[in-house]
Amino acid sequence: MSFENLKIADAGGIRTITINRPEKLNALNAATVAELDAAIADIAGDDAVNAVVITGAGEKAFVAGADISELAALGPVEAKEFALRGQAVFRRLERLTKPVIAAVNGYALGGGCELAMACHIRVAASNAVFGQPEVKLGLIPGYGGTQRLPRLIGRGRALEILLTGRNVSADEALGIGLANVVCEPAELEEVVGGILKAVLANGPLAVGHCLEAVNSGMDMGLEDACLLEATLFGVGAASEQMREGTRAFLERRKPEFRRS
Ligand code: COA
């Protein structure tokens with residue numbers, strides 16, 4: 001599959017998607033969002049892909065937002081559709097049952113912050129800048145920012161960031177739970193690789209079930225969410241991977257999980 005605005009690279013079961021419009025700081029135009037959707041569908045159906053990394057081309061930006069030149073021309077009906085389209089793509093990304101890491105290598109503003117939040121884990125380079133500056137444009141976030149930010153960092157902190165539209169440094173993002181890890185820019189790939197190595201050494205079905213339990217359960221009441229957890233716990237118990245994991249522990253050896 002070839003794209004105009006994305007670069008795709010595969011290594012060791014890890015697919016790296018690079019948003020590739022560096023001259024526009026990787027701003028998400030409609031064409032890029034559509035390509036991202038196709039890339040996500042491809043990942044879901046490709047057994048050779050075990051994990052995903054999303055990053056931005058160049059040294060300055062992860063993604064500097066939705067493309068403001070396209071936004072500026074939208075009427076109300078189109079604007080709603082624009083938001084729904086982007087939200088659906090980010091939700092499909094979030095609901096992947098393969099781990100997705102955002103390697104945030106610079107500006108992650110507006111749609112860039114929203115894209116990073118739809119990923120499962122965020123690793124930020126020390127020069128990363130997060131924020132939802134839409135209010136400065138007379139807009140609100142439209143790709144899930146008003147919903148994922150409070151879920152991630154709490155309502156009070158999220159409202160302050162959303163209402164001021166201010167920038168959030170990598171260190172602050174780490175402190176409030178918006179970033180999981182901060183590292184030097186030159187170490188970003190290595191740090192992301194280290195996290196994925198740890199994740200991919202675990203039972204693949206269990207990793208997928210954790211993602212499913214959190215992603216679906218967070219939107220349910222506690223009782224239904226716990227029922228979902230118990231059901232997935234039960235499904236896992238039917239797997240050879242669970243037999244291998246528990247057997248390996250009891251035999252004091254490392255488990256060898258088969259993916260199929
Ligand atoms: N949409 C469209 N184009 C964008 C963009 C966006 N969100 N963000 C950056 N660009 C473009 C600029 O227009 C410029 O293009 P040009 O060279 O053709 O004029 C190019 O990317 C470089 O950006 P520039 O503003 O010159 O870089 P900078 O280093 O001076 O500033 C930012 C960097 C991120 C602070 C600034 O680009 C910015 O504020 N971007 C918008 C952020 C935003 O509001 N995002 C939310 C959108 S909903």
Side-chain angles (χ1 to χ4, degrees), residues 3-7 17-37 54-91 93-94 102-119 122-153 157-174 176 178-179 182 185 188:
F3 297 107
E4 207 174 305
N5 302 303
L6 304 179
K7 271 192 297 186
I17 299 177
T18 304
I19 314 291
N20 191 27
R21 298 182 74 215
E23 70 290 350
K24 295 290 177 191
L25 303 186
N26 306 319
L28 296 176
N29 59 3
T32 308
V33 172
E35 289 188 0
L36 200 50
D37 199 21
I54 299 191
T55 193
E59 290 174 0
K60 223 170 144 181
F62 173 70
V63 165
D67 192 312
I68 298 171
S69 64
E70 286 187 352
L71 279 182
L74 296 178
V77 175
E78 294 163 307
K80 183 176 177 186
E81 279 169 6
F82 171 96
L84 288 173
R85 224 171 10 248
Q87 286 174 0
V89 174
F90 285 13
R91 186 64 174 150
L93 175 69
E94 186 173 50
V104 183
N105 58 321
Y107 289 112
L109 299 174
C113 190
E114 291 168 304
L115 175 60
M117 289 192 290
C119 296
R122 282 150 295 284
V123 179
S126 53
N127 66 331
V129 177
F130 295 83
Q132 297 287 164
E134 286 88 345
V135 285
K136 295 185 175 181
L137 302 169
L139 291 165
I140 70 166
Y143 287 174
T146 63
Q147 302 309 306
R148 287 198 180 87
L149 192 60
R151 280 168 170 75
L152 207 51
I153 67 171
R157 283 184 168 130
L159 278 171
E160 185 264 325
I161 288 167
L162 288 164
L163 298 182
T164 60
R166 72 176 174 83
N167 286 347
V168 175
S169 70
D171 282 341
E172 184 185 356
L174 180 67
I176 61 180
L178 181 52
V182 175
L188 193 56

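Whatever order the structure lists them in is the order used to number ligands and atoms, beginning at 1.
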Atom 22 (C) of ligand 1 sits nearest the protein heavy atom Leu25 CG, 3.8 Å
Is atom 18 (O) of ligand 1 in close reach of the protein, with a heavy atom under 4.0 Å away? yes
Of the protein's non-hydrogen atoms, which lies at the shortest distance from atom 5 (C) of ligand 1, and what is that distance? Ala27 CB, 4.0 Å
Would a distance-only check, ignoring hydrogens and angles, find a side-chain to backbone donor-acceptor pair under 3.5 Å from Glu35 to Glu4? yes
Looking only at heavy atoms, which two atoms of Ile176 and Ile153 are closest? And how far apart? O-CG2, 3.2 Å
Look up atom 34 (C) of ligand 1 and tell me if a protein heavy atom lies less than 4.0 Å from it? yes
Considering only heavy atoms, does Pro133 approach ligand 1 within less than 4.0 Å through its side chain, its backbone, both, or neither? side chain
Would you check if Leu93 and Leu36 make a side-chain contact, meaning some heavy-atom pair closer than 4.5 Å? no
Check whether any side-chain heavy atom of Val129 sits under 4.5 Å from a side-chain heavy atom of Leu109, and report yes or no. yes
Can you find a non-hydrogen atom of Glu23 under 4.0 Å from ligand 1? yes
Glu134 side-chain N/O to Gly165 backbone N/O, donor-acceptor pair under 3.5 Å: no
Does Ala66 have a heavy atom less than 4.0 Å from any atom of ligand 1? yes
Within the protein, is there a heavy atom lying under 4.0 Å from atom 1 (N) of ligand 1? yes
Output yes when a protein non-hydrogen atom is found under 4.0 Å of atom 45 (N) of ligand 1, and no otherwise. yes
Is atom 38 (C) of ligand 1 in close reach of the protein, with a heavy atom under 4.0 Å away? no
Flag atom 26 (O) of ligand 1 as yes if some protein heavy-atom distance to it falls below 4.0 Å, otherwise no. no
In the structure I gave you, are the side-chain heavy atoms of Leu6 and Thr32 within less than 4.5 Å of one another anywhere? yes
Counting only N and O atoms by type, is there a donor-acceptor contact under 3.5 Å from the side chain of Asn26 to the main-chain atoms of Phe62? yes
A student checking ligand 1 against Ile68 at a 4.0 Å heavy-atom cut-off should list atoms 1 (N), 2 (C), 6 (C), 7 (N), 41 (C), 44 (O), 47 (C)
Just by distance, do the side chain of Asp67 and the backbone of Ala27 share a donor-acceptor pair under 3.5 Å? no
Can you tell me if CD on Glu59 sees more than 12 non-hydrogen neighbours from other groups inside 6.0 Å? no
Out of all atoms in ligand 1, which are within 4.0 Å of some heavy atom of Leu109? Include the element for each. 34 (C), 42 (C)
Which part of Leu71 is near ligand 1, with near meaning a heavy atom under 4.0 Å away: side chain, backbone, both or neither? side chain
Starting from atom 8 (N) of ligand 1, find the nearest protein heavy-atom neighbour and note its residue, name and distance. Ala64 CB, 3.6 Å
With atom 11 (C) of ligand 1 as the reference point, say which of Lys24, Glu70, Lys60 has the nearest heavy atom. Lys24
Between Arg91 and Glu94, is there a side-chain N and carboxylate O pair less than 4.0 Å apart? yes
Give the atoms of ligand 1, by number and element, whose distance to some non-hydrogen atom of Glu134 is under 4.0 Å. 48 (S)
Give me the ring orientation class for Tyr143 and Phe90: parallel if the planes are under 30° apart, tilted from 30 to 60°, perpendicular past 60°. perpendicular
